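I have placed the structure first, in the form of structure tokens, so that the comments after it can refer back to it.
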Amino acid sequence: MKKTLIILALAEMATVMVLAPAVQAEKAVTLLNVSYDPTRELYQDYNAAFAKHWKETAGQTVVIKQSHGGSGKQARAVIDGLDADVVTLALAYDIDVLAEKAHLLPADWQKRLPDNSAPYTSTIVFLVRKGNPKGIKDWDDLAKPGIAVVTPNPKTSGGARWNYLAAYGYELKRTGGNDAKAREFLKAIFKNVPVLDTGARGATTTFSQRGIGDVLIAWENEAILAKQESKEGEFEIVVPSVSILAEPPVAVVDKFAKRHGTEAVAKAYLEYLYSPEGQEVAARNHYRPRLEAVAKKHADEFPQIKLFTVDEVFGGWQKAQAAHFADGGSFDQIYQK
Amino acid sequence: MKTKLKKIHSLAAVAAVIGTQFHSSHAYAAEISNEDLQKLIQHVDELEQKVKILERNREVDKETSDAAAAQFKKEAPQISIGQNGFGFKSADGNFGLKLEGVLQLDSRTFFNDHGIQGNDGFILRRVRPIIEGTVYRDFDFLFVPDFGGSTVQIFDAYLNYRYDPALQLRAGKFKVPVGLEQLQSDAWLPFNERALPTDLVPNRDLGVQLHGAPFGGVVNYAAGIFNGVGDARNSANSDFDNNKEFAGRLFFQPFRTTKINALKGLGFGAGGSYGSLSSPSATGLPNTTGGTLPGYTTDGQQQFFAYNPTTGTVLADGEHWRISPQGYYYYGPFGLLGEYAISNQRVVKGAAAKRLENTAWQVSASWVLTGEDNTYAGIVPERPFDPREGKWGAWQLAARYAQLDIDKNAFPTFSNPLTSANEAKAWSVGLNWWLNKNVRVLTSFSRTTFRGGGGTGTTAPAIVTRQPENTFFTRIQLAF
């Protein structure tokens, strides 16, 4: 009898051990989305939508935490151990770094989701003060003497790198691909930059709240948001003749998601960005949706601009990074504080 | 527009003052033109913009330097010195080392013991530097030597892989998960010595154990395979037998995570072990503490029962199982702990063989007079001892009753009934002074009475069982 009791007790322990992970799976799950600077509002909105969707479809409560900062800085934080389940950064290079330097996800991460893992797009525009007192219309106006230009630091900000390449690409196109002239052009623009913020949101603060500068080079979504949040008519958006197609990518950080046991929910979180609901949230937050039906619905909000891609003009992010933003690259050469 | 008008008015006022003074000394001075005023405004605007830029750059520089400082702080190793020991760990917490220790200086004074020599005195009961740490976040280790006995012994030395608090794997030498009081830390015991049921459960052994505390600690489980040791024994670094012993424990604290405060401290469960020796062995029998042969000891650490037949040698052989239902209840300053233990073992002497079943139980209660929470994991005084500030630490009152019964079949073949007792009953009362979390002074009195034994002889157990054991204990303890 007593022997039976012992066996029963041991069997019960084994049952507890087997059941413990299964029961834990029913608990609320937490995701950390490490993102770049101006996506705070987008993901606040989207997280609520996804949490509702996940509860309805999977029956599980998901709590999504957000972390925001300059895209390059955020990538470094993840490499240094910030346990991101997903990253939604400003540009593909910053996620490439996670794959190459820290092996946190496979090198071909961009192929795992449609549209090179960029569920929405944006572009770069100008935000000027009421009445556009300096008459800024296009990129070459930014290089003129006496124009104070606000843009963040390309070394730390993904948005700044898009700004830089947009201006660079404009000048390359204008001069028939003259690299030297493009550098001179960027040098003239950066001579007009009085403050280099570390992230896009900081640059917006500099321009809109501190009253510095004549023009802010900004993400389209950030410019729209700043305009909406300002006193009526305080700012105007100027759309340049040509700009860059910004494709902020998203990816599951496999190593951390696996460790947290969140792979499935992290994958679903990113996939839902491509759904009509996810695309609607993106459009509502002034990102250009990929889905045609949603894009059509919001067509009035996004002006038609001639857009070039990083691949077309710079041969991809790896090359662009090496040529312009790596130590000793063109930015280091043209900019001296 | 308003701002600009305001600015023009201000400047006009400034200009008027300047103009008046200028006029007073130079009557022919020209009036300031509108164009000059515009230039002045533009100049002020430019200056204002420069100031803003300087201020913003200062902000950005501060942000950058703050971020760099935060990064440095994040990456710098952390040192901690406090009541929980001295330690340091890497910035990410993945690597760490902690130095802790237990020092216990005891005194035992025996009354009316008919002049047993050598049992009164001071002893260093435990002198244990404790090194514990973590490598690669999930791998914990513990190393505990003891310098308190006549020889230096390794008490704990293990590596623990922590996949999750609910799922951990431990390998090395550590406490076998059977007895409740045995599993309680030495530094938190309300009396100098554990009660009689601890005589019947294993102490430390070498093995591998799967364990964890799922559901926020509502369930605690442990199941392991060990070399196997006799009752109360602390394994030497070797196995005396090819067969292994299985031990496990399941303990519930069903209200631990609820809001029912009165039941949060309720815990109950059972531990047990099973092993079977492949060949006869003396090491499979109980500990020899307090005597020369295997047996069981009193609170005063004197042997009252031994496998001491008048002729021949007793050995353990075959099956040995133990089971120990156990529980505790803590609420506010009150604490109650109880356990029952059965140790069923086959013993042989020559051709004679018998399965003996020894049993023991205890109930102990304690009350923190100064009102602090009483817990299985000790007491933290709210007002640590500092007489200059009128703070006197925490005081705890404790009482205990325990009993151990020897299987009647042990006599006379395996134990001499004239010298070994077949039953010990002990009651104890104690008063403990927790000066702070690290320093404690214990005092207690324990009386143990025996049935059987008490015959002639100059060694334990005869001289011990000849009269009741009355012992006054003191302890000065440092534990950090």
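Computed from a prediction, not measured in an experiment: that's the story for all the values here. In what follows, every heavy atom counts, from backbone to side chain, and hydrogens, waters and symmetry copies are set aside.
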Step through the shown structure and confirm whether more than 12 heavy atoms of other residues, nucleotides or ligands are within 6.0 Å of CD on B:Glu46. yes

Applying a strict 4.5 Å limit to non-hydrogen atoms, the region of B:Glu55 in contact with chain A is neither

Among residues 71-88 of chain A, which residues come closer than 4.5 Å to chain B, judged by heavy atom distances? A:Asp80, A:Asp83

Taking atom OH of B:Tyr163 as the centre, report whether more than 12 heavy atoms of other residues, nucleotides or ligands fall under 6.0 Å from it. no

Contact part of B:Arg58 toward chain A, heavy-atom cut-off under 4.5 Å: side chain, backbone, both or neither? neither

B:Lys244, NZ atom: more than 12 neighbouring heavy atoms under 6.0 Å: yes

Going by the ring-ring contact (aromatic ring centres under 6.0 Å, His included) test, which pairs reach into residues 38-66 of chain B, not counting sequence neighbours? none

Would you name the heavy atoms of B:Asn57 and A:Pro194 that are closest together and state the gap between them? ND2-O, 3.0 Å

Applying salt bridge (charged side-chain N to carboxylate O under 4.0 Å, His left out), can you list everything that pairs with B:Asp199, at least two apart in sequence or on another chain? none

Using a heavy-atom cutoff of under 4.5 Å, enumerate the residues of residues 147-158 of chain A that contact chain B, numbered in order, or state 'none'. none

Look at atom NZ of B:Lys52 and say whether more than 12 heavy atoms of other residues, nucleotides or ligands are closer to it than 6.0 Å. yes

Any idea which heavy atoms bring A:Ile212 and B:Gln49 closest together, and the distance? CA-OE1, 3.3 Å

Please name the pair of heavy atoms, one in B:Arg56 and one in A:Val195, separated by the smallest distance, quoted to 0.1 Å. CG-CG1, 3.8 Å

